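None of the values given here were measured: they were computed from a predicted structure.
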Amino acid sequence: MAFWLIKSEPGVFSIDDLARAPGRRTQWEGVRNYQARNNLRAMRKGDRCLFYHSNASPSGVAGVAAVLREAYPDPHQFDSKSKYHDPKSDPRDPRWSLVDVKFLRRFPALVSLETIKADPKLAKMVLVNNSRLSVQPVTDSEFRRVLALAGEKD
DNA sequence: GCCAACGTTGGC
DNA sequence: GCCAACGTTGGC
């Protein structure tokens, strides 16, 4: 099993929104960055995702989701009314992908970015070193460390 | 709301 | 292929 971190602005879509969604699942739509897209395409069913709240006060990891369905073409790229529309994407070779994720759990308390930055064991996290990447890999030990900081067991 | 960091676009 | 201009992300 692999581990990832996925970002969402809680004002747009929070972990509570995921927990309330039908089937507690959602399409992880709108990724329009190639590195993030490649990470989506590398996800496998059952992989775990840290659900990160960005542009929040404070920002931080709010809980855990799981990959339910592996990457397939993001339908919004072909919808001219969508804000995710990409007129340059060819339907025969779609440029953008998404995965479906499902809610696993919400942490009792957010693991804030400040906490993560202050933790020597998390100094190499992509989050700390490339804060703009919206879908990023997380190592096994980083994942377990964030769970520990959240007061959770594996 | 500001602005640094970063990715993308397009002229040449 | 270089790089300046521009747009976006996201912390603060």
Side-chain angles (χ1 to χ4, degrees), chain A residues 2-21 26-43 47-67 70-101 103-139 141-152:
Chain A
F3 303 97
W4 309 92
L5 181 146
I6 56 178
K7 292 186 194 171
S8 184
E9 298 189 29
V12 178
F13 191 82
S14 72
I15 193 156
D16 294 319
D17 293 324
L18 180 59
R20 282 192 296 261
T26 193
Q27 292 185 320
W28 204 256
E29 65 194 38
V31 168
R32 294 293 180 271
N33 168 282
Y34 289 104
Q35 207 180 340
R37 180 205 69 182
N38 292 342
N39 288 332
L40 284 180
R41 289 181 177 177
M43 289 182 175
D47 285 357
R48 299 294 193 251
C49 302
L50 296 174
F51 195 115
Y52 182 84
H53 283 173
S54 62
N55 262 316
S57 46
S59 295
V61 179
V64 183
V67 177
E70 296 179 7
Y72 57 103
D74 181 343
H76 304 89
Q77 68 195 307
F78 304 121
D79 176 0
S80 61
K81 294 191 210 83
S82 170
K83 67 171 174 171
Y84 298 125
H85 181 231
D86 183 353
K88 292 183 188 164
S89 184
D90 179 350
R92 289 163 300 181
D93 183 22
R95 185 179 289 196
W96 305 112
S97 300
L98 53 68
V99 297
D100 290 356
V101 300
F103 176 84
L104 282 189
R105 59 191 179 277
R106 184 190 202 286
F107 291 153
L110 190 86
V111 178
S112 71
L113 179 61
E114 185 185 15
T115 299
I116 289 168
K117 282 183 171 173
D119 193 315
K121 290 182 175 146
L122 298 176
K124 290 188 179 164
M125 270 190 86
V126 177
L127 184 69
V128 175
N129 299 293
N130 180 7
S131 66
R132 291 188 37 179
L133 187 60
S134 63
V135 180
Q136 45 181 265
V138 172
T139 67
S141 62
E142 288 164 352
F143 184 82
R144 282 185 279 112
R145 181 62 180 162
V146 171
L147 288 197
L149 291 171
E152 299 220 337

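Counting 5' to 3', DNA chain C first comes under 4.0 angstrom of a heavy atom of chain A and last does so at the ends given by C:dG7 to C:dC12.
In this structure, A:Q35 and A:N55 both approach DNA chain B, and ranking their closest nucleotides by distance from the 5' end singles out A:N55.
Remark: A:E114 pairs with no residue by the side chain to side chain donor-acceptor pair (under 3.5 Å) rule, at least two apart or across chains. Under the rule for a side-chain contact (heavy atoms from CB on, under 4.5 Å), the partners of A:R132 that lie at least two apart in sequence or sit in another chain are A:N130. Shown here are the salt bridge (Lys or Arg N to Asp or Glu O under 4.0 Å) partners of A:D79, two or more places apart in sequence or in another chain: there are none. For A:D119, the side chain to side chain donor-acceptor pair (under 3.5 Å) criterion is met by A:R145, not counting sequence neighbours. Annotation: salt bridge (Lys or Arg N to Asp or Glu O under 4.0 Å) contacts of A:D47 (sequence neighbours excluded): none.
Listed by first and then second residue, the salt bridge (Lys or Arg N to Asp or Glu O under 4.0 Å) pairs that reach into residues 86-95 of chain A are A:D86-A:R95, A:D90-A:R92, sequence neighbours excluded.
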Identify each donor-acceptor pair in which a side-chain atom of residues 50-58 of chain A lies under 3.5 Å from a protein atom, sequence neighbours left out, and give them as a table.
from	atom 1	to	atom 2	distance (Å)
A:H53	NE2	A:I15	N	3.1
A:N55	ND2	A:E9	OE2	3.3

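At a non-hydrogen distance threshold of 4.0 Å, A:S131, A:R132 from residues 129-139 of chain A come into contact with DNA chain C.
To the nearest 0.5 Å, atom CG of residue A:L40 and atom CD of residue A:Q35 are 11.5 Å apart.
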